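Chain A is the first sequence line, chain B the second, and so forth, proteins listed ahead of strands; every chain is numbered from 1. Note that this is a predicted model, so its numbers are computed, not measured. All heavy atoms count here, side chains included; hydrogens, waters and symmetry mates do not.
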Amino acid sequence: GESVGLHLPTLSVQEGDNSIINCAYSNSASDYFIWYKQESGKGPQFIIDIRSNMDKRQGQRVTVLLNKTVKHLSLQIAATQPGDSAVYFCAEAYGNNRLAFGKGNQVVVIP
Amino acid sequence: ETGVTQTPRHLVMGMTNKKSLKCEQHLGHNAMYWYKQSAKKPLELMFVYNFKEQTENNSVPSRFSPECPNSSHLFLHLHTLQPEDSALYLCASSQEGSGSNEQFFGPGTRLTVL
């Protein structure tokens with residue numbers, strides 16, 4: 001798969017504020033994207049996904065935005081909680097059930 | 001047990017040792033994966049198995065040898081590893097043909113090669 005990368009290495013956010021994590025991708029043919037969350041000592045966990053025929057999708061306290069024009073993906077977390085402290089990865093689907101992951105972005109929630 | 005389990009959770013081995021990592025998925029999936037997660041690098045796909053058959057080997061050195069005896073179990077046999085092989089090894093599973101690319105991950109095995 002082609003490269004998928006994150007803009008910011010670490011994001012510190014006050015508890016209760018909103019968080020935004022960004023991701024750039026390079027394969028314009030990709031039609032599916034996933035955000036994963038990885039807490040310390042655990043494997044990545046699925047948060048939310050979006051297909052390329054959509055530009056926005058909402059989950060519980062999370063929203064993913066897709067801008068295909070500039071090949072940009074973002075994850076918004078509303079009312080950030082201490083349990084949101086983790087590394088967040090975007091992943092781009094390619095081929096047959098394959099995922100290419102970004103490097104990860106650490107989110108630190110300050111109580 | 002639910003989801004994807006991996007054992008051991010931590011492993012320290014010398015360069016001349018032989019060890020195996022085990023993964024088991026309880027989700028009824030037909031595809032399983034090994035990933036390597038090193039500090040400050042994206043997850044690296046190592047091997048893919050679909051219906052017990054290896055369908056992808058991402059130029060992984062032969063000192064890593066996967067085995068998939070059935071669709072629920074996946075092993076990674078290790079021998080004569082190098083210190084740079086120290087990393088978190090993640091197993092994942094998915095259901096190919098379901099229309100979803102979502103992969104479910106285990107907690108990983110933290111490997112340290114001395």
Which donor-acceptor pairs fall under 3.5 Å between chain A and chain B:
unit_1	atom_1	unit_2	atom_2	d
Tyr36(A)	OH	Gln103(B)	N	3.0
Tyr36(A)	OH	Gln103(B)	O	2.7
Gln38(A)	OE1	Gln37(B)	NE2	2.8
Gln38(A)	NE2	Gln37(B)	OE1	3.0
Gly41(A)	O	Arg9(B)	NH2	2.7
Arg51(A)	NH2	Gly99(B)	O	2.4
Asn96(A)	ND2	Glu96(B)	OE1	3.0
Asn97(A)	O	Tyr33(B)	OH	3.3
Asn97(A)	O	Gln103(B)	NE2	3.0
Asn97(A)	ND2	Ser94(B)	OG	3.0
Arg98(A)	NE	Glu56(B)	OE1	2.5
Arg98(A)	NH2	Thr55(B)	OG1	3.3
Arg98(A)	NH2	Glu56(B)	OE1	3.4

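- Under the 4.5 Å side-chain heavy-atom criterion for Ile, Leu, Val, Met, Phe, Trp and Tyr, Met32(B) and Val60(B) are members of the same hydrophobic cluster.
- For Ile34(A), the part lying under 4.5 angstrom from a heavy atom of chain B is the side chain only.
- The hydrophobic clustering, which links ILVMFWY residues whose side-chain heavy atoms are closer than 4.5 Å, places Leu74(B) and Val4(B) apart.
- Minimum interatomic distance between Leu90(B) and Pro44(A) (heavy atoms only, all atoms of both residues): CD1-CD, 3.8 Å.
- Met54(A) and Phe33(A) fall within a single hydrophobic cluster, where Ile, Leu, Val, Met, Phe, Trp and Tyr side chains are chained together by heavy-atom contacts under 4.5 Å.
- In this structure, Val62(A) is a member of the same hydrophobic cluster as Val64(A), with clusters built from ILVMFWY side-chain heavy atoms closer than 4.5 Å.
- Cluster annotation: Met13(B) and Met46(B) are assigned to the same hydrophobic cluster (Ile/Leu/Val/Met/Phe/Trp/Tyr, side-chain heavy-atom contacts under 4.5 Å, transitive).
- Close approach to chain B, defined as a heavy atom under 4.5 Å from one of its heavy atoms, is seen in no residue of residues 73-87 of chain A.
- Looking at Leu43(B), the atoms closer than 4.5 Å to chain A (heavy atoms on both sides) sit in the backbone and in the side chain alike.
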